[in-house]
K.L.:
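This is the structure, below, for whatever I ask next.
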Number of protein chains: 2
Amino acid sequence: MLVGVGLRESKKAATRTALSWAAIQLTVERGLDNVKVEDIAAAAGVSPRTFNNYFGSKAEAIVSRQLDRLRHIADELRRRPPEEPLWTALTQATLTQYQPGPEVVANPIPDPVQWAAGLRVMLAEPALQAELLRTTVIAEEDLAAAVAARTGTSIENDFYPHLVAATVLTATRAATTHYLRTESGSEMEQLLPEALARIAAGLPEPH
Amino acid sequence: MLVGVGLRESKKAATRTALSWAAIQLTVERGLDNVKVEDIAAAAGVSPRTFNNYFGSKAEAIVSRQLDRLRHIADELRRRPPEEPLWTALTQATLTQYQPGPEVVANPIPDPVQWAAGLRVMLAEPALQAELLRTTVIAEEDLAAAVAARTGTSIENDFYPHLVAATVLTATRAATTHYLRTESGSEMEQLLPEALARIAAGLPEPH
DNA sequence: CGCAAAGATGCGGGGCACGCAATTTTCTCG
DNA sequence: CGAGAAAATTGCGTGCCCCGCATCTTTGCG
């Protein structure tokens, strides 16, 4: 049996997604400490004990979708034509992350304004911030490997690929934060290329 | 009464330091989940309940010294002469972090090799990684403010100071990781300037 | 010296993470 | 198809953590 196509695999994936999605939704609605693991499990139609078979903590469940998305960046980078300049490829690869996936389209948000407000509250939770940062470090490994492959550097001995990966992911985080801080004068599709362009230019002082 | 010089203040600071130090030491020795809050409190000569008056979690206690050190970077940056180029000042400011403070000199490590090994195990703990990353984000605010002051940009409206602060702190983290990953061919005093120089040059591919 | 403010402590509760063993579901192969 | 193997789900019990509240002790100040 090929991996990923059996009934088992698809059910597991579905449960995992349901748990993560339920965790996010409930947290955005009520706030993190008004959501018990019991609630999340119930919303996903599964026993409380099963929740911890999939995730080690509430925070991990909430953050898992973000981790999945960050992991795609490395894949996208590998997919870019090799003759493309590195920073062009990196910019394009990171931008793919902001195209809404099918699962978001399928689940339309009832009240976008209220949702955005809840999201901010959620992201202000220290425990979630910490876990969220950890996802970028995990994805960093993948991205560093892809950068190493593209630039002919070594993932084990060279500092370069790690530094580039860390910097790129930091730039996306900084762009996101800026986007949330200011009441969005500009969109991510504009902010992120700007950030990466600045970095590729060596972050010179403005004007 | 001036802040910070009363008996009360100094006792509080001492207790805080003792708790954090005990938490680190015990964790390096035995591993995170073989250390109970009770143990840390006992080692610091204080009741278990008091521990949580100072820190919200074990992780926070362990990480608090690192946070203190990162906070100094912004102060150091402000102390650099204003005519100094930005990236020179940033490099110097971050380097001060690696001069061992008086409390480390006073408490000599019995077995440096074993200590280093324990440190690695400790830093591999997911919960600690997460909390450690959070400290950099907290320090990032301070640093961004200092960068804004030096470059005449706005902490509220401009993206630039945040991007610079985030990138610099990420570089120090990447350098630390590289230092721990490779069995230290080079020291931090060499690695960190290299990282910042690469960034100031726009991270070009190494020929 | 005595009162007010602030910190330390003890107690108790809610909840989370996880090990273990039993049970149900899915897969594989004769 | 059907039986046994493999894997996932579940229930139960445990240890610990974090925090609120009330009380007691220490420090600060006039």
K.L.:
With B/T153, which residues qualify under side chain to side chain donor-acceptor pair (under 3.5 Å), at least two apart?
P.N.:
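For B/T153 the side chain to side chain donor-acceptor pair (under 3.5 Å) partners, ignoring immediate neighbours, are B/T151.
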K.L.:
Heavy atoms within less than 4.0 Å of DNA chain C: which residues of residues 122-134 of chain A have one? Give them sorted by number.
P.N.:
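When residues 122-134 of chain A is checked for heavy atoms under 4.0 Å from DNA chain C, there are no hits whatsoever.
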K.L.:
Among the candidates D/dT9, C/dT25, C/dA8, find the nucleotide nearest to the side-chain atoms of A/Y54.
P.N.:
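Nearest to the side-chain atoms of A/Y54, counting from C-beta on, is D/dT9.
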K.L.:
Can you tell if the side chain of A/L123 reaches within under 4.5 Å of the side chain of A/Q129, non-hydrogen atoms only?
P.N.:
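No, their side chains stay 4.5 Å or more apart.
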K.L.:
Can you check the B/N52 CG to C/dG13 C1' distance for me, whole Å?
P.N.:
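That distance rounds to 14 Å.
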K.L.:
Taking 4.0 Å as the cut-off, does a side-chain nitrogen or oxygen of A/K12 come that near to OP1 or OP2 on D/dA8?
P.N.:
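Affirmative; the distance criterion is met.
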K.L.:
Partners of B/V168 by side-chain contact (heavy atoms from CB on, under 4.5 Å), sequence neighbours excluded?
P.N.:
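Result, side-chain contact (heavy atoms from CB on, under 4.5 Å) vs B/V168: B/W87, B/L90, B/T94, B/L143, B/V164, B/L196.
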K.L.:
side-chain contact (heavy atoms from CB on, under 4.5 Å) with A/P112: which residues, sequence neighbours excluded?
P.N.:
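Residues passing side-chain contact (heavy atoms from CB on, under 4.5 Å) with A/P112: none at all.
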K.L.:
Among residues at least two apart in sequence or on other chains, which ones pass side chain to side chain donor-acceptor pair (under 3.5 Å) with A/R198?
P.N.:
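Partners of A/R198 under the side chain to side chain donor-acceptor pair (under 3.5 Å) test: A/E194.
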K.L.:
Atom CG of A/N53 and atom P of D/dT10: how far apart are they, to the nearest Å?
P.N.:
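Roughly 9 Å, once rounded to whole Å.
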K.L.:
With B/E29, which residues qualify under side-chain contact (heavy atoms from CB on, under 4.5 Å), at least two apart?
P.N.:
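Counting only residues at least two positions away or on another chain, B/E29 forms a side-chain contact (heavy atoms from CB on, under 4.5 Å) with B/L26.
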K.L.:
If the condition is ring-ring contact (aromatic ring centres under 6.0 Å, His included), which residues does B/Y54 pass it with, not counting sequence neighbours?
P.N.:
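Residues passing ring-ring contact (aromatic ring centres under 6.0 Å, His included) with B/Y54: none at all.
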K.L.:
Specify the separation, in whole Å, of atom CD1 of B/I40 and atom P of D/dC17.
P.N.:
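Distance check: B/I40 CD1 to D/dC17 P gives 8 Å.
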K.L.:
Considering only side-chain heavy atoms of A/K11, which listed nucleotide, D/dT9, C/dT25, C/dA8, is closest?
P.N.:
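Nearest to the side-chain atoms of A/K11, counting from C-beta on, is C/dT25.
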K.L.:
Check ring-ring contact (aromatic ring centres under 6.0 Å, His included) between A/Y160 and all other residues, then give those that pass, not counting sequence neighbours.
P.N.:
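Scan of A/Y160 (ring-ring contact (aromatic ring centres under 6.0 Å, His included), adjacent residues dropped) gives none.
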K.L.:
Using five pairs at either end of the helix from C/dC1-D/dG30 to C/dG30-D/dC1, determine the angle between the two local helix axes and round it to 10 degrees.
P.N.:
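For the helix from C/dC1-D/dG30 to C/dG30-D/dC1, the axes at either end differ by 30°.
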K.L.:
Provide, to the nearest angstrom, the distance between the CD atom belonging to B/E38 and the C1' atom belonging to D/dC16.
P.N.:
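Interatomic distance, CD of B/E38 to C1' of D/dC16: 10 Å.
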K.L.:
Can you find a pair of side-chain heavy atoms, one from B/T167 and one from B/L163, that are under 4.5 Å apart?
P.N.:
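A side-chain contact exists here, since the closest heavy-atom pair is under 4.5 Å.
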K.L.:
Let me know the distance between NZ of B/K58 and P of D/dC19, rounded to the nearest Å.
P.N.:
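Rounded to the whole Å, the gap is 14 Å.
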K.L.:
Under the side-chain contact (heavy atoms from CB on, under 4.5 Å) rule, collect the residues that match up with A/A44, sequence neighbours excluded.
P.N.:
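Expected list: A/A18, A/L19.
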K.L.:
Give me each pair satisfying salt bridge (Lys or Arg N to Asp or Glu O under 4.0 Å) with a member in residues 123-132 of chain B, each pair once, sequence neighbours excluded.
P.N.:
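Counting only pairs at least two positions apart or across chains, the salt bridge (Lys or Arg N to Asp or Glu O under 4.0 Å) contacts touching residues 123-132 of chain B are B/E131-B/R134.
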K.L.:
Over how many whole Å does the gap from A/R16 atom CZ to D/dT9 atom P extend?
P.N.:
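Going from CZ in A/R16 over to P in D/dT9 covers 12 Å.
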K.L.:
Give me the atom names and distance for the closest heavy-atom approach of A/R65 to A/I24.
P.N.:
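For A/R65 and A/I24, the tightest heavy-atom pair comes out as CD-CD1, 3.3 Å.
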K.L.:
Atom CZ of A/F55 to atom P of C/dG15: distance rounded to whole Å?
P.N.:
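Distance check: A/F55 CZ to C/dG15 P gives 22 Å.
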K.L.:
Where along residues 43-51 of chain A does a heavy atom come under 4.0 Å from DNA chain D, residue by residue in number order?
P.N.:
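Within this stretch, A/V46, A/S47, A/R49, A/T50 sit under 4.0 Å of the strand.
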K.L.:
Could you please name the option among D/dC17, D/dT10, C/dC18 that lies closest to any side-chain atom of B/V37?
P.N.:
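Of the candidates, D/dC17 comes closest.
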K.L.:
C/dG15 C1' sits how many Å from A/R30 CZ, rounded?
P.N.:
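After rounding, the reported distance stands at 15 Å.
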